[in-house]
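As structure tokens, the structure follows; a few thoughts come after it.
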Amino acid sequence: MKFSVLERAFYARPTLEVAEDLLGCLLVRELPDGQQLAARIVDLEAYIGEEDSACHASKGRTPRTQVMYGPPGHAYVYLIYGLHHLLNLVTEEAGRPCGVMLRAVQPLHNEEAMRALRQVKGRNLCNGPGKLTAALAVNKDYNQWDMTLGEQLWVAPRSEPLQETIQRGPRIGIDYAEPEDREAPWRFWLAENPWRSLR
DNA sequence: CTCTCGATGTTCT
DNA sequence: GAACATCGAGAGG
């Protein structure tokens, strides 16, 4: 199976545009043993710059947020609650700290291998931001990874036009943010897709 | 089905 | 020392 690669120009656009266009695209993972896994992106959230109080970069440039200030098309992976890795894709031009966090994916290719990595039944496999990283063996070693290389971890364009309609609403789990940012409809998902995140 | 709670490590105060 | 872009187990309805 050969998957093509979204190039850097795709990510170097306004974050909300990138977020919408990423829905239905394929997150592709190549394991050390050569196995390829692929899953459709069905649920995600945008985090938009220092002025977005929900964005990690709202605290400014730190060792942790450094990668968001770098060029687009790189991965921002961090550990949350000491347990779960979350995967973001850096967007917009270098110097502007923005990104998209992946919340849920739908297994498309080699689901058995994902189940081997994460032993659960049903849609529990990857319908949450911490679940999908486990199912695809993504951890903080992939922080700053260049997603345009087309090796180990990358995103491929939609294999066919979107059938589902796109829905949007407020982001999840950001109670600490300012009300206007908490309410901003910067989460996008595919309507009625059973693989989307539960919350 | 719902709710509550504990786990665990990094970051920032 | 608190907070954290979460998850799963266990209790109860």
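Only a predicted model underlies this, so the values are computations on that prediction, with no experimental measurement involved. Here is the naming used below: chain letters follow the sequence lines, and residue numbers restart at 1 for every chain.
The NE2 atom of A:H84 sits 12 Å away from the C1' atom of C:dA5 (whole-angstrom rounding). As rounded to whole Å, 17 Å separates atom C1' of C:dT6 from atom CZ of A:R171. Between the C1' atom of B:dT11 and the CZ atom of A:R61 lies a distance of 18 Å, rounded to the nearest Å. A straight line from CG of A:L198 to P of C:dA5 spans 19 Å, rounded to a whole angstrom. Rounded to whole Å, atom C1' of C:dC4 lies 12 Å from atom OH of A:Y47. For A:R64 and B:dT13, the CZ to P distance is 11 Å, given to the nearest whole Å. Regarding A:E45, its CD atom lies at a distance of 12 Å from the C1' atom of C:dT6, rounded to whole Å. Going from atom CG of A:N124 over to atom C1' of B:dC1 covers 15 Å, rounded to whole Å.
Position along DNA chain C of the nearest nucleotide to A:I80 versus A:N127 favours A:I80 as the more 5'-ward residue.
As judged by a 4.0 angstrom heavy-atom cut-off over every strand, A:A54 is placed among the base-contacting residues. Within the 4.0 angstrom heavy-atom criterion, base atoms lie near A:L83. Within the 4.0 angstrom heavy-atom criterion, only backbone atoms of the sugar-phosphate kind lie near A:R118; the bases stay farther away.
Of all nucleotides listed (C:dT6, C:dG8, C:dA5), C:dA5 comes nearest to the side chain of A:N88.
If you take atom P in C:dA2 and the same atom in B:dG6, they sit 16 Å apart, rounded to whole Å.
Within the structure, every side-chain polar atom (N or O) of A:T62 is placed at least 4.0 Å from both OP1 and OP2 of B:dT11. Close to B:dT10, at under 4.0 Å from its OP1 or OP2, lies a side-chain N or O of A:K140. A:H56 has no side-chain polar atom (N or O) that falls below the 4.0 Å cut-off from OP1 or OP2 of B:dT11. Between B:dT13 and A:K59, no contact under 4.0 Å exists linking OP1 or OP2 to a side-chain N or O. Put simply, A:Y176 has a side-chain N or O that comes within less than 4.0 Å of OP1 or OP2 on C:dA5.
Figure legend: A:R64 and A:Y78 shown as a cation-pi pair, the cationic atom lying under 6.0 angstrom from the six-membered ring centre and within 45 degrees of its axis. For the pair A:R182 and A:Y176, the NZ or CZ position fails the cation-pi test of under 6.0 Å to the six-membered ring centre and within 45 degrees of the ring normal.
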- request: Start with the C-alpha gap between A:L190 and A:L162, add the side-chain angles, then the distance that decides, and say whether side-chain contact (heavy atoms from CB on, under 4.5 Å) holds.
  value: CA-CA 9 Å; A:L190 294 179; A:L162 265 193; 4.0 Å; yes
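A donor-acceptor pair under 3.5 Å is absent between the side-chain atoms of A:R96 and the main chain of A:G70, judged by distance alone.
In summary, A:E164 and A:R40 engage in a salt bridge, as defined by a charged side-chain N under 4.0 Å from a carboxylate O.
Base pairing of C:dG12 is made with B:dC1, judged by Watson-Crick or G-U wobble geometry with both donor-acceptor distances under 3.5 Å.
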